[in-house]
J.: 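Sending over a structure as structure tokens; questions will come in a sec.
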Protein chains: 2
Amino acid sequence: MPPNSSRTPSPGPPAPGTARPGGRTARTRAAVRDAVLSGLVEHGYPGLTVEYVAEHSGVHKTTLYRRWSSVEGLIADALDLAGEDSWTPPDTGTLGGDLHALAQEVADTFGDPAAGAAPAAFIAAAFQSEQAAEALRGFYAERFGRCAPLVERAVARGEVPAGTDPGALARAVSAPLFFRLFITREPLDRAVAGQAADAALAAARAGVFASTA
Amino acid sequence: MPPNSSRTPSPGPPAPGTARPGGRTARTRAAVRDAVLSGLVEHGYPGLTVEYVAEHSGVHKTTLYRRWSSVEGLIADALDLAGEDSWTPPDTGTLGGDLHALAQEVADTFGDPAAGAAPAAFIAAAFQSEQAAEALRGFYAERFGRCAPLVERAVARGEVPAGTDPGALARAVSAPLFFRLFITREPLDRAVAGQAADAALAAARAGVFASTA
DNA sequence: CACCAAATGCGACCCGAGTTGCGTTACGCT
DNA sequence: AGCGTAACGCAACTCGGGTCGCATTTGGTG
């Protein structure tokens with residue numbers, strides 16, 4: 001089973017038996033996604049237009065509207081691609097170290113305009129289209145799932161209570177950072193990232209994220 | 001000094017001595033802001049158009065573009081109005097109670113589509129225009145400032161260490177909620193809100209938000 | 001290899017957001 | 001009360017996003 005879970009009928013490898021998974025369609029899709037990503041870093045989300053993608057991908061405007069229907073659809077598809085990477089959570093030996101590394105990773109990503117443009121666009125697109133919102137939801141669910149081993153190691157070491165919810169802890173680390181970046185629009189430095197990690201760690205130790213006492 | 005701090009030259013009561021703070025301009029501005037808010041709850045941010053505001057406010061399209069320049073400008077101005085309310089943080093007698101009440105308030109606001117439409121639009125607009133982003137920044141800075149007494153009371157009661165940063169604590173409560181709402185696009189129930197309050201409380205007790213030890 | 005359907009290319013068209021120039025109204029001041 | 005100017009109303013225009021109908025290519029299939 002391909003990492004692309006099904007969504008709307010439009011994009012994605014059209015189910016291994018149906019239609020034509022052939023070469024041209026795949027080539028088109030890849031070219032389009034490259035153009036979308038380069039467009040995002042170049043003009044940002046507000047400046048990304050379907051016509052730009054058409055020119056820089058060699059795919060006709062009509063085709064883009066037919067298969068992706070809008071800029072948000074293009075971004076949602078690009079998000080699927082982004083979710084297929086091989087990222088794994090840090091493993092420093094201690095929970096505190098892992099959480100700090102995780103927070104710094106987020107801070108560094110959005111500190112670099114080029115690296116942060118695409119993720120920011122994904123979040124912005126979710127305001128405009130339910131399709132993009134669902135893609136985001138799936139992306140983060142899968143991403144937080146990858147953090148489970150990190151928490152299990154900490155439980156095994158006795159750093160946090162048994163029954164600690166991995167997802168809740170992972171979310172607790174990221175939330176303050178994204179909050180500052182995209183809600184309150186405040187600057188994000190390493191001190192804030194460290195504080196977020198510390199706060200999540202303290203809450204986890206107190207058993208706030210443990211289901212069974 | 002009016003609660004409207006100055007920003008771009010365009011909107012806002014034009015400084016009590018200059019130009020003409022007169023009746024028509026003020027009436028126009030009020031009518032426009034009403035139309036913006038009703039438009040947001042009716043069509044949401046993606047569907048809010050300048051022309052809609054023109055029709056429902058009785059103010060001509062040209063005037064809107066002249067004074068606010070775009071939909072994002074209109075929203076930024078409406079945000080200033082929203083910041084002028086008389087909201088005060090809860091006071092239940094205990095820090096835990098206050099934080100829980102705060103979290104529930106956020107959850108309830110965004111649980112109601114009508115009440116949540118405008119705030120969500122403000123956040124969305126900040127992705128499109130720096131003017132809206134700065135308005136948001138100011139709004140939340142002022143809002144978190146109002147939470148200072150809440151934390152001071154807790155310090156006086158000995159519930160959290162002296163030197164606990166009020167802003168950091170207030171942010172810690174809201175962050176997980178907004179994170180779920182607008183970043184990961186996950187549903188938000190009362191249990192999650194309660195957990196956010198508990199996590200912030202645990203971190204505060206552990207001294208994570210205290211500057212001096 | 002020939003055929004059919006899916007997928008793409010292509011240009012013309014429509015519509016609405018945003019702009020411009022000018023005339024009109026109303027506020028503020030003497 | 002009367003004047004000057006800021007603020008607003010108005011209609012026409014431009015321009016780019018998005019759509020439509022049809023021709024063309026591509027890939028799977030018997």
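Letters go in sequence order (proteins before strands), and every chain restarts at 1.
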J.: Do NZ/NE/NH1/NH2 and the carboxylate oxygens of D85(B) and R143(B) come within less than 4.0 Å?
T.: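 Looking at R143(B) together with D85(B), the answer is yes, because their closest N to O distance falls below 4.0 Å.
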
J.: Over how many whole Å does the gap from L74(B) atom CG to dA17(C) atom C1' extend?
T.: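 My rounded result for the distance is 13 Å.
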
J.: Can a donor-acceptor pair under 3.5 Å be found between the side-chain atoms of K61(A) and the base atoms of dG18(D)?
T.: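 Answer is yes: a donor-acceptor pair is held.
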
J.: So for T28(A) and dG9(C), does any side-chain atom that can act as donor or acceptor lie under 3.5 Å from a complementary atom in the base?
T.: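 No, no donor-acceptor pair under 3.5 Å.
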
J.: Report yes or no: is there a donor-acceptor pair, N or O only, under 3.5 Å between the side chain of R66(B) and the base of dG18(C)?
T.: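 No such pair is found, so the answer is no.
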
J.: Output the distance between atom OH (Y52(B)) and atom NE2 (H43(B)), rounded to the nearest 0.5 Å.
T.: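 Going from OH on Y52(B) over to NE2 on H43(B), the span is 5.0 Å.
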
J.: Specify the separation, in whole Å, of atom OH of Y65(B) and atom P of dA11(D).
T.: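 To the nearest whole Å, that distance equals 17 Å.
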
J.: Quick one: Q128(B) CD to dG18(C) P, roughly how many Å, whole number?
T.: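 In whole Å, dG18(C) P and Q128(B) CD are 11 Å from each other.
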
J.: Measure NE2/H60(B) against C1'/dT20(C) and give the value in whole Å, please.
T.: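 These atoms are roughly 12 Å apart.
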
J.: Nearest-Å distance, CG (L64(A)) to C1' (dT8(C))?
T.: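 Value for this atom pair: 11 Å.
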
J.: Mind calculating the distance between CH2 (W68(B)) and C1' (dA7(D)) to the nearest angstrom?
T.: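 It works out to 11 Å between those atoms.
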
J.: Categorize T49(B) for me: base, sugar-phosphate, or nothing, with a 4.0 angstrom heavy-atom threshold over every strand shown.
T.: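 Sugar-phosphate contact only - T49(B) comes under 4.0 Å of backbone atoms but never of a base.
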
J.: Please confirm whether the shortest side-chain N or O distance from R67(B) to OP1 or OP2 of dA6(D) is below 4.0 Å.
T.: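 No, outside the criterion.
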
J.: Look up atom CZ in F179(A) and atom CZ in R185(A), then write down how far apart they are to the nearest 0.5 Å.
T.: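 Output value for this atom pair is 12.0 Å.
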
J.: Give the ring-plane orientation class for F178(A) versus F182(A), where under 30° counts as parallel, over 60° as perpendicular and anything between as tilted.
T.: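 Aromatic pair F178(A)/F182(A) classed tilted.
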
J.: Any carboxylate oxygen within less than 4.0 angstrom of a Lys/Arg side-chain nitrogen, looking at R67(A) and D77(A)?
T.: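 No, no charged N to carboxylate O under 4.0 Å.
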
J.: Whole angstroms only, please: what is the CD-C1' distance between E55(A) and dG17(D)?
T.: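 Computing the E55(A):CD to dG17(D):C1' distance gives 13 Å.
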
J.: Given dG9(D), dG21(D), dA7(D), identify the nucleotide with an atom nearest to the side chain of T62(A).
T.: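 Of the options given, the side chain of T62(A) lies nearest dG21(D).
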
J.: Give the rounded distance in Å between these two atoms: OH of Y52(A) and P of dG18(D).
T.: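 So the two atoms are 17 Å apart, to the nearest Å.
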
